[in-house]
Visitor: 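Here's a structure for you.
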Amino acid sequence: MKKSTFIGTVAAATLAAGFAAAGTLDEVKAKGFLQCGVSTGLAGFSNADANGEWNGFDVAFCRAVAAAVLGDSTAVKFTPTTGKTRFTALASGEIDILARNTTWTFSRDVDLKFSFVGVNYYDGQGFMVPKALGVSSAKDLDTATVCIQTGTTTELNLADFFRSNNISYEPVPIETNAEAQAQYLAGACDVYTTDASGLAATRATFENPGDHIVLPEIISKEPLGPLVRHGDDQWADIARWTLNALITAEELGITSANIKDAAMSAGDNPEINRLLGTEGNLGEMLGLSADWAANAVAAGGNYGEIFERHIGEKTAIGIARGLNAQWTNGGLLYSPPFR
């Protein structure tokens, strides 16, 4: 799901510069937990259960960072954010890292002064409609009412698509995915548009998901990933290489189940040794313990384990790996080397 581009730019940039200078790693260690910004609720990605326990694909990344930094994957507190509030929460220091379906764009990186640490999900904007509407293409949506989250790039993509196809629409503004779902199911809009992953997650929660279809058009590139404030390179490196550790672990066949054995039996595989901290000083370079990456992977598994557990084809969300497969399997996941 996409994101606010210019609102609050100057204020966010000013706040970001001030808080980043303080040294986020030291602050996190001092308070003993990681404050992670997530969505207000998106099934499979970041959602709190009846007991207030957060789970999901994005949540798992936060737990991996906490494990890498503090040695404890449970040392995380979660702050729900909307498309409008997420950037202010990060810039102000209310959260240490933002890990919720946020698209990496030029203006967010450069103008809002945030550092995206990588892409953890390659996505694109799509459209969901009731089967009863009788359409098979987004190009058939002339004059449709469209539920769309405010403060997101979705708004811009939607306007571009309809204008380029010489069709019109009536926007129905909403702020959260829960509101969008309620409005859509109540018939307040004909169409719900957001990232295709968000549509799959939302549709999976419906009482009759088969009554709704996701149209074939993908109208944008949405590289989603975690982000931190500009100006704190050490913290950005920690977040970036934690994500890379999860990706590399999958590539090397290291899982939460075999990681202890892998550390003892890597033998002559130098990249496994460096990743797990039995050789070299990568942890020291980050200001972390030697086993930081091993802790991150042990927390919830490698990238593939996290994907399959929360949003994969065997879950209610039912997403195939596609572009999010390893580069060795035709996908775009590709981590720089650990050396």
Side-chain angles (χ1 to χ4, degrees), residues 1-2 39 42-47 55-65 68 99-105 116-128 194-204 214-227 239-259 262 269 271-272 274-276 293-294 296-339:
M1 232 143 344
K2 323 3 159 1
S39 74
L42 182 63
F45 286 88
S46 53
N47 205 37
N55 289 287
F57 179 81
D58 293 328
V59 168
F61 172 74
C62 295
R63 296 199 185 283
V65 174
R100 54 145 290 165
N101 48 329
T102 298
T103 303
W104 187 351
T105 70
F116 284 80
V117 301
V119 178
N120 70 345
Y121 193 95
Y122 291 93
D123 211 342
Q125 184 174 334
F127 301 89
M128 179 168 61
T194 188
D195 297 336
S197 63
L199 296 177
T202 301
R203 180 177 176 272
V214 176
L215 298 177
E217 287 86 357
I218 297 295
I219 67 170
S220 68
K221 292 188 296 183
E222 305 295 336
L224 310 179
L227 55 154
R240 177 178 301 111
W241 285 96
T242 298
L243 175 58
N244 287 335
L246 301 179
I247 293 170
T248 296
E250 182 185 18
E251 182 181 345
L252 296 176
I254 300 170
T255 69
S256 56
N258 70 19
I259 190 165
N269 190 319
E271 186 157 31
I272 291 180
R274 288 191 294 268
L275 177 69
L276 300 184
V297 175
N302 62 38
Y303 179 93
E305 289 180 277
I306 292 169
F307 189 103
E308 294 306 327
R309 180 183 308 116
H310 295 292
I311 58 176
E313 290 182 286
K314 294 182 180 180
T315 69
I317 312 299
I319 298 176
R321 287 292 292 269
L323 295 178
N324 296 292
Q326 289 278 342
W327 66 283
T328 51
N329 292 321
L332 296 179
L333 283 192
Y334 185 106
S335 167
F338 278 76
R339 66 168 56 254

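Residues: numbered from 1 along the sequence shown.
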Visitor: For F61, give me all partners under ring-ring contact (aromatic ring centres under 6.0 Å, His included), at least two apart in sequence or on another chain.
Guide: none
Visitor: Let me confirm one number: the CG-CD1 distance from L252 to I272, rounded to the nearest 0.5 Å.
Guide: 5.0 Å
Visitor: Are side-chain heavy atoms of E308 and K314 found at a separation under 4.5 Å?
Guide: no
Visitor: Can you tell me how far apart CG (N47) and CG (D58) are? Round to the nearest 0.5 Å.
Guide: 11.5 Å
Visitor: Please name the pair of heavy atoms, one in L243 and one in V117, separated by the smallest distance, quoted to 0.1 Å.
Guide: CD2-O, 4.4 Å
Visitor: Let me confirm one number: the CG-CZ distance from N324 to F307, rounded to the nearest 0.5 Å.
Guide: 5.5 Å
Visitor: With side chains defined as the heavy atoms from C-beta onward, is the minimum distance between T194 and L199 less than 4.5 Å?
Guide: yes
Visitor: Compare every heavy atom of N101 with every heavy atom of S39, then report the nearest pair and how far apart it is.
Guide: CB-OD1, 4.2 Å
Visitor: Parallel, tilted or perpendicular: which one describes the rings of Y121 and F45, with boundaries at 30° and 60°?
Guide: perpendicular
Visitor: When you check the side-chain N and O atoms of S335 and E251, is any donor under 3.5 Å from an acceptor?
Guide: no
Visitor: Restricting to non-hydrogen atoms, name the atom on A99 and the atom on C62 that form the minimum distance, rounded to 0.1 Å.
Guide: CB-SG, 3.5 Å
Visitor: Ring-plane angle category for W104 and F116, please: parallel below 30°, perpendicular beyond 60°, tilted otherwise.
Guide: parallel
Visitor: On a heavy-atom basis, which atom in P336 and which in T248 lie closest, and how many Å separate them?
Guide: O-OG1, 4.4 Å
Visitor: Is it true that a side-chain atom of T315 and a backbone atom of G312 form a donor plus acceptor pair closer than 3.5 Å?
Guide: yes
Visitor: Looking at N329 and Q326, would you say the former's side chain and the latter's main chain have a donor-acceptor pair under 3.5 Å?
Guide: no
Visitor: Between L246 and N302, what is the shortest heavy-atom contact and its length?
Guide: O-CB, 3.5 Å
Visitor: Test of understanding: with ring-ring contact (aromatic ring centres under 6.0 Å, His included), list the residues that count as partners of Y122, not counting sequence neighbours.
Guide: none
Visitor: Mind checking what makes salt bridge (charged side-chain N to carboxylate O under 4.0 Å, His left out) contact with R321, not counting sequence neighbours?
Guide: E250
Visitor: Taking atom types as modelled, is there a side-chain donor on S220 or E222 under 3.5 Å from an acceptor on the other?
Guide: yes
Visitor: Give, for atom CD1 of I247 and atom OG1 of T242, the distance between the pair rounded to the nearest 0.5 Å.
Guide: 11.0 Å
Visitor: Are the side chains of I311 and I306 in touch, meaning some heavy atoms are under 4.5 Å apart?
Guide: no
Visitor: For residues L276 and V297, determine if any side-chain heavy atom of one lies less than 4.5 Å from a side-chain heavy atom of the other.
Guide: no
Visitor: Taking all non-hydrogen atoms of both residues into account, name the closest pair between H310 and I317 and its distance.
Guide: O-CG1, 3.8 Å
